[in-house]
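First up is the structure itself, then whatever we jot down about it.
Note that ligands are numbered from 1 as they come in the structure, with each ligand's atoms numbered from 1 the same way. Predicted model, so just to flag it, every value in this text is computed and none were measured.
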Amino acid sequence: AQMKPEDAIKNRQSGYTFMAWNMGKIKAQVVDGTVPYDKAQVVAAANVIAAVANSGMGALFPAGTDKGKGWKDTRVKAEFFKEQDEVRKIAINYIEQTNKLQQVAATGDQAAIKAQFGETGKACKACHDKYRIEE
Ligand code: ASC
């Protein structure tokens with residue numbers, strides 16, 4: 001049974017919001033230095049990001065759940081649903097980058113975490129640039 005569009009949208013938005021909160025924790029500790037580095041917290045944040053990225057979020061984008069179809073609170077473009085090969089490529093890279101972030105977080109090497117955090121951000125941005133409506 002396919003989930004209701006409203007539930008798919010709510011679930012995917014929750015996932016991205018929760019990942020963003022955890023990206024912010026890593027950024028504050030490892031990139032900006034506004035919060036002291038705490039290895040356990042960075043590991044926990046990276047674990048969350050990788051877990052959500054690996055959770056099968058493709059199932060949360062049923063056809064017709066783009067903004068043009070009338071969902072006011074979603075920013076995904078219609079092209080997302082038409083360009084499946086490109087979306088899959090971007091999604092696979094995103095999952096790989098979050099898996100690497102999880103692995104490097106476990107080492108405690110702050111310079112390496114910072115570098116991989118940057119790569120993960122680029123993987124997020126690749127989808128935003130192509131398929132997110134900026135407002
Ligand atoms: C974040 C966040 C995103 C990405 C993106 C990277 O921390 O909330 O959406 O990184 O800004 O370009």
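Between Y94 atom OH and T120 atom OG1 the span is 7.5 Å, to the nearest 0.5 Å.
With Q97 contributing its side chain and Q116 its backbone, the two residues share no donor-acceptor pair below 3.5 Å.
Classified by interplanar angle (parallel below 30°, tilted 30° to 60°, perpendicular above 60°), the ring pair Y131/F80 is perpendicular.
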Quiz item: Hey, mind stepping through E86 and K130 against salt bridge (charged side-chain N to carboxylate O under 4.0 Å, His left out) and telling me if it holds?
Solution: CA-CA 10 Å; E86 181 64 12; K130 279 206 159 149; 2.7 Å; yes

So what's ligand 1 close to, N/O to N/O, under 3.5 Å?
from	atom 1	to	atom 2	distance (Å)
ligand 1	12 (O)	G121	O	3.4

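Cation-pi geometry between K25 and W21 is met: under 6.0 angstrom from the ring centre, within 45 degrees of the axis.
N99 and Q103 are not linked by any side-chain donor-acceptor pair at a separation below 3.5 angstrom, with hydrogens and angles left out of the test.
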